[in-house]
Amino acid sequence: MEQIVINGANRLKGSVEIEGAKNAALPILAATILTSEGKVNLDNIPPLSDVIIMGKVLEALNIKVEFDKFSKTMSIDATADLNSVAPQELVEKMRASIVVLGPLVARLGYARVAMPGGCAIGSRPIDLHLKGLKQLGIEINQQAGFIEATAKDLHGAEIYLDFPSVGATQNIMMAATLAEGNTVIENVAREPEIVDLANILNKMGAQVSGAGTDTIKIKGVKALHGCEHSVVQDRIEAGTYMVAAAVSKGDVLIEDAMYEHNRPLISKLIEMGVKIEVTDAGIHVVGPEVLQPTDVQTMPHPGFPTDMQAQMTVAQLMSNGTSAMNETVFENRFMHLEELKKMNAKFRIEGNSAILEGPTKFSGAQVSATDLRAAAALVIAGVIADGETRVSRLEYMDRGYYQLVSKFKKLGVDIKRVSIDESGRETLITDITDNSKLA
Ligand code: UD1
C-alpha cells in the first residue's frame, strides 16, 4: 500500500509549474483516431495514469503511440488499418475512454466499445452521447456490456443537448467532422478543453466553429490529417494549488496560469479575502489570516467547476463562519467530507448541498481518497492540519496530479510518499515521477 504522509501545519511559499490538462489530453488522443494521413505530434501531455490508459486504448485499435514522459511529448500514427473494438479491460478502467466511440465509428463506419460502468461520483449515463450520434445517422445497438455503432450514412444534423455534457459534446463533435454536410450542436459544453479539442480538429483539417460558445457548427470533410499541437494548461491543477495557497496563508505564484480559465474560482477566492494578482509570470495568490465564508454552486463552465468542489470545501471549512456548497453537476460528490470529518470537519448534508461550519482546526488523521479531486482535498487539509496526516488510495490521485508530492515539497510542505509492506515497513518513494504505478 502507498500513502502520502504530511506533517502540518505548513505555509506554502514559492512557485509551482502546471501541466497540460488531463481533460484536454484525453479527448485529443481520441481525436487522433480520425487522422488517416500523417502523424500527430503532441506537446504538454501530462504523464498521468489516465493518459497512459488512453494511449493503450489507441494501441489496441492498431494506432502507434510513442510517449516520451520526460519531454511530455507524444507522437501518434493512426494511418494503418484500424481495429474497430475498444476492449473492455481498458474502457472499464477509465470512463472517459467512451470518447473513442464517435471518432472510431466516423472513421471506420463501425465500432464496438465496451460500456463504461458507473463511477464513485454518480451513475454517469451516456444517453446524450448516444442520442447525438444517432442523429448523425449512426445506428446504436446496446448489448450487455458493450455498444455497437454502425454508420452507413453519416450525415450532418441539428442537435440540441438537454444538458451541456462535456463528453457528449466531444463525442458528437468528433463524429461530425467526417459527416456529410453541416452539423449544428446547440447547448454544448463551453469548457476550455472543448475549445482545445476544436483547435486541434481544425489543425487536422476539420471545419469546426463556435467552440467556447453554446453552439458549435461543423462542416463535414472527407478525411483528417496529422498536425502539431500543444495541450492547454490544466485549470483544475492550477486551481488546486490556488486553494492550497489560500488556506495555508501562503504566498504562491501559479506559473503561467490562465486567468480566463479560472475566473469562477478566482472570484470566489477574492470574495473570501484572498489576494490575487495576475502578472505576466502567472497568478500570484496570497492567503489571508482569516478567510471569509462564501456560498458556492457548481455549474457547467463558465460556472464554478465541479472538479474544484472538493478542494473548495476545505477553504469553506477554514473560513470564519458557515458556508454552503451546492453540487448541481454530479449526484454523489461529497464523499470526501466523511473523510474530512476524521480531521475535525463539521458539516451537514441537505440534498445536494453541504452546509459547512467554519472555522475548522484541522487535525491530522488517516484518511482515504474516494475519487481524484477528493484526494487533492485531503492533501490540502493535511497541509494545514496540526500533526500527521496519511492519505491512502493514491491510485485516484495518480489519475490527475503529476508530481504532486514534489510540487508541494518545493512549496515548503513537509510531505513524502511511502510504500508500506505487509509487516508495516515503510520505504520512501523517490521515483522522479512520484507516480510509481505509472506503466
Ligand atoms: C467531464 C470531465 C470531468 C468533469 C465533468 C464535468 C473529462 C475526462 N472529464 O466528465 O472531470 O467533472 O466533465 O465538468 O473531461 N450526463 C448525462 N447523460 C450523458 C452525459 C452526462 O446525464 O449522456 C450527466 C452526468 O451524469 C453528470 C453531468 O451530465 O451528472 C455532467 O457530465 P459530463 O459533462 O458529461 O461529464 P464528463 O464528460 O463525464
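Numbering of ligands and ligand atoms starts at 1, following listing order.
A donor-acceptor pair under 3.5 Å is absent between the side-chain atoms of Gln3 and the main chain of Val391, judged by distance alone. A donor-acceptor distance shorter than 3.5 angstrom exists from the side chain of Gln135 to the backbone of Glu158, with no hydrogens or angles considered.
Checking only distances, Val329 does come within under 3.5 Å of ligand 1, N or O to N or O. Residue Ser165 has at least one nitrogen or oxygen atom sitting less than 3.5 Å from a nitrogen or oxygen atom of ligand 1, judged on distance alone. The shortest N or O to N or O distance between Phe163 and ligand 1 is not below 3.5 Å. Among the atoms of Asp307, some N or O lies under 3.5 angstrom from an N or O of ligand 1. Distances between N or O atoms of Asn23 and those of ligand 1 include at least one value under 3.5 Å. Checked by distance only, ligand 1 and Asp127 come closer than 3.5 Å through their nitrogen or oxygen atoms.
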- Task: I would like to know whether Lys341 and Glu339 meet salt bridge (charged side-chain N to carboxylate O under 4.0 Å, His left out); could you show each step before the answer?
- Result: CA-CA 5 Å; Lys341 200 188 251 177; Glu339 295 300 303; over 6 Å; no

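Taking every heavy atom of both residues into account, Asn10 and Ser248 meet most closely at O-CB, 3.4 Å.
The option from Gly400, Pro27, Ala25, Pro125 that lies nearest to atom 19 (C) of ligand 1, judged by heavy atoms, is Pro125. Of the candidates Ala96, Gly167, Ala168, Gly167 brings a heavy atom nearest to atom 38 (O) of ligand 1.
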List the atom pairs, with distances to 0.1 Å, where a side-chain N or O of residues 22-32 and a protein N or O form a donor-acceptor pair under 3.5 Å, not counting sequence neighbours.
from, atom 1, to, atom 2, distance (Å)
Thr32, OG1, Leu29, O, 2.6

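Contact atoms of ligand 1 toward Thr306: 6 (C), 12 (O), 14 (O) (distance under 4.0 Å to a heavy atom of the residue). For ligand 1 and Arg333, the ligand atoms under 4.0 Å from any heavy atom of the residue are 12 (O). The contact set between ligand 1 and Ile126, taken as ligand atoms under 4.0 Å from a residue heavy atom, comprises 19 (C), 23 (O).
You'll find the ring centres of Tyr241 and Phe408 inside the 6.0 Å limit.
In the displayed structure, Gln297 atom CD is contacted under 6.0 Å by more than 12 heavy atoms of other residues, nucleotides or ligands.
Remark: Gln207 engages Lys219, Val221 in a side chain to side chain contact (heavy atoms under 4.5 Å, CB included) (not counting sequence neighbours).
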